[in-house]
**Q** 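Let me begin by handing over the structure; questions about it come next.
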Amino acid sequence: MGIFDSNIKRDVDEINKLLKGVQPTAQKTPTGINMKYRPYITAIKSKPFLLLAGISGTGKSRIVRELARACWNIGSNEYKAQKPKNFEMVQVKPNWHDSSELIGYVSRIDGVRYVVGPFLKFMVKAIQDPDIPYFLCLDEMNLAPVEQYFAEYLSVIESRKLQDDGSIATDPIVDYSNTEEYKSLIDQLFPEDDDLREEYLTEKGGKRLSIPQNLIVVGTVNMDETTFSFSRKVLDRAMTIEMNEVDLKGGLTKRYEQIGKLEAANLISNDVEGVDVYDQYRNACDVSIAYLESINAILEGTPFKVAYRTRNEVLLYVVNNLPYQKEGETKSYVVARALDEITNMKILSRIEGDETKVSSDFLVSLEKVIKEGLEAICNNMFTELDYKSVSLVKLEEMKKRLVSGYTSFWS
């Protein structure tokens, strides 16, 4: 049964023995980065599709802009710019029910041409500047049904594969076709580069409009009566972070968020699946899998049970957090903290329903297995370290919401 038996008994010696074998990552420990932003940075590195949820006015779109700004040296023109060139905001409209406004469409008025959407225009900027992370912010993302207007991206992002040269490639978001509309599209996207334009117009062996490795998509989310809820198709493909805490003194002494200088390696990973990290970090991965298995035992028979996609993203998130071990912290604490955060992001965010789907007993059982699982990994986590678990806090909220007959992750 792995490290945990069916009763989630502690076996701290065995876990600590495993975690002693966790090797430091190839990337050196980040220096000068404000640890407040660690969850955002490591979530993006694990999957370049992030949802920022929370009440209006908490700075969700601002933090995306500041993450983009942090990719530049302090004092540079891009750092001081109102909008750095690696940041773009697109405001989602309630009438979006297909990809025409975001990706584009074919017009046959006065000849055949492709009307290019802002997503493709910004994507090409990222393609032409591969060493810099590019942030596309979809503001108020759920004002329209995401799985309708963003269908192409949701499909293509899951085709990410590690190539022999160490890069990551996806299927094309707009595939090659020997048509006037495709030629019109390429002509508009690469107007000043004849060689590159020719490569994209070459049928055999040519380049394709695939999502570049350095393109990061962040959607801001307000959950109220004017917005759409997320389907599990969307939630399964995204990382989710809530921003409901408010510091009314924040931002009064510094104009920009003090994130620290972000290198491309802090945000962009060459790892896509669990298999890409398992051999090098087998011990941390085995601890994480045992924890996931204990949670899946509670989720058995429900539509919330996790499978390989979630397993992969859990492993990537844990591994990407290993360099962020501060002085005085143990490896077991870093792993347990990462598992707590990814539980909130990837497991609890999918749970919703009335009492026939989500009973009080179910939430209590889930709460118990999460707490005991984290304590088994880091046995003094909730006592000596006084750690505040984000997933356990969220479960308390969900239990209170269930009193009305229905509960969900979303506030």
Side-chain angles (χ1 to χ4, degrees), residues 1-25 29-30 35-36 38-39 42-43 46 241-242 274 277-278 280-300 306 310-311 313-349 351 361-399:
M1 294 186 187
I3 296 168
F4 310 120
D5 66 12
S6 58
N7 294 316
I8 321 298
K9 291 179 180 176
R10 296 182 184 180
D11 194 350
V12 176
D13 290 341
E14 184 178 351
I15 293 169
N16 287 332
K17 184 177 178 182
L18 274 173
L19 290 173
K20 283 180 181 177
V22 176
Q23 299 299 316
T25 58
T29 301
M35 289 292 282
K36 171 185 173 183
R38 173 194 54 79
T42 53
S46 303
I241 294 179
E242 278 198 303
V277 297
Y278 185 70
Q280 187 176 359
Y281 306 100
R282 184 179 295 261
N283 298 324
C285 289
D286 283 342
V287 169
S288 302
I289 291 168
Y291 171 81
L292 267 185
E293 287 174 339
S294 69
I295 290 178
N296 243 7
I298 303 298
L299 302 179
E300 186 68 47
V306 300
T310 300
R311 185 275 316 270
E313 291 168 4
V314 167
L315 298 186
L316 291 173
Y317 188 76
V318 169
V319 166
N320 286 332
N321 270 275
L322 293 178
Y324 293 86
Q325 180 182 348
K326 295 192 296 185
E327 186 177 351
E329 292 178 348
T330 62
K331 290 187 180 73
S332 60
Y333 174 80
V334 173
V335 170
R337 179 183 63 189
L339 285 171
D340 177 42
E341 292 167 351
I342 196 67
T343 298
N344 199 52
M345 292 181 197
K346 297 298 300 183
I347 297 174
L348 301 188
S349 62
I351 296 176
D361 289 344
F362 169 76
L363 293 179
V364 169
S365 297
L366 192 54
E367 182 180 49
K368 182 174 185 291
V369 79
I370 290 171
K371 184 175 182 181
E372 292 185 353
L374 296 176
E375 285 179 327
I377 296 169
C378 183
N379 66 326
N380 62 345
M381 193 167 193
F382 298 105
T383 53
E384 296 174 29
L385 300 180
D386 196 27
Y387 176 75
K388 185 178 180 181
S389 164
V390 291
S391 57
L392 295 180
V393 168
K394 175 55 65 176
L395 277 169
E396 278 299 317
E397 291 178 15
M398 294 172 71
K399 286 194 295 183

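All residue numbers refer to positions in the sequence shown, counting from 1.
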**Q** Tell me the closest heavy-atom pair linking P323 and V319, and the distance in Å.
**A**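 Here P323 and V319 meet closest at CD-O, 3.6 Å.
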**Q** Taking salt bridge (Lys or Arg N to Asp or Glu O under 4.0 Å) as the definition, give me every residue that meets it alongside R38, ordered by chain and number, with sequence neighbours left out.
**A**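 R38 satisfies salt bridge (Lys or Arg N to Asp or Glu O under 4.0 Å) with E341 once adjacent residues are dropped.
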**Q** E375 side chain to N379 main-chain N or O, any donor-acceptor pair under 3.5 Å?
**A** no
**Q** Considering only heavy atoms from C-beta outward, does the side chain of V287 approach that of V318 to under 4.5 Å?
**A** no
**Q** Does anything in residues 313-322 form a salt bridge (Lys or Arg N to Asp or Glu O under 4.0 Å)? List the pairs, not counting sequence neighbours.
**A** K47-E313, E313-K346
**Q** Report the residues that fulfil side chain to side chain donor-acceptor pair (under 3.5 Å) with E397, sequence neighbours left out, ordered by chain and then residue number.
**A**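 Partners of E397 under the side chain to side chain donor-acceptor pair (under 3.5 Å) test: K394, R401.
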**Q** For Y317, does its backbone N or O pair with a side-chain atom of N321 as donor and acceptor, under 3.5 Å?
**A** yes
**Q** Please report the closest heavy-atom contact between A336 and L374, naming both atoms and the distance.
**A**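 Distance-wise, the nearest heavy atoms are O-CD2, 3.4 Å.
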**Q** Do V314 and Y291 have side-chain heavy atoms sitting under 4.5 Å apart?
**A** no
**Q** Please list, chain by chain and in numerical order, all residues satisfying side chain to side chain donor-acceptor pair (under 3.5 Å) with S46, sequence neighbours excluded.
**A** N320
**Q** Please list, chain by chain and in numerical order, all residues satisfying side chain to side chain donor-acceptor pair (under 3.5 Å) with Y387, sequence neighbours excluded.
**A** D340
**Q** Kindly compute the distance separating CD (E242) from CE (M345), expressed to the nearest 0.5 Å.
**A** 11.0 Å
**Q** Looking only at non-hydrogen atoms, find the nearest pair between R337 and M381 and report the distance.
**A** N-CE, 3.6 Å
**Q** For the pair S365 (side chain) and D361 (backbone), establish whether a donor and an acceptor sit closer than 3.5 Å, ignoring hydrogens and angles.
**A**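 Yes, the answer is positive, given that a donor and an acceptor are paired below the 3.5 Å cut-off.
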**Q** Mind checking the OH-CD spacing from Y333 to E384? Nearest 0.5 Å is all I need.
**A** 13.0 Å
**Q** Which value, rounded to the nearest 0.5 Å, describes the distance between S389 atom OG and L339 atom CG?
**A** 11.0 Å
**Q** Kindly indicate whether the side chain of Y324, heavy atoms from C-beta on, has any atom under 4.5 Å from the side chain of V334.
**A** no
**Q** Report the distance from atom CZ of R282 to atom CG of L315, rounding to the nearest 0.5 Å.
**A** 12.0 Å
**Q** Are any of the side-chain heavy atoms of R311 and V306 separated by less than 4.5 Å?
**A** no
**Q** Report the residues that fulfil side chain to side chain donor-acceptor pair (under 3.5 Å) with K399, sequence neighbours left out, ordered by chain and then residue number.
**A** E367, E396
**Q** Look up atom CD1 in I347 and atom CD1 in I342, then write down how far apart they are to the nearest 0.5 Å.
**A** 8.0 Å
**Q** Heavy atoms, side chains only, cut-off 4.5 Å: are N380 and C378 in contact?
**A** yes
**Q** I need the T343 OG1 to L292 CG distance, nearest 0.5 Å.
**A**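 It is 7.0 Å, given to the nearest 0.5 Å.
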**Q** Can you find a pair of side-chain heavy atoms, one from V277 and one from C285, that are under 4.5 Å apart?
**A** yes
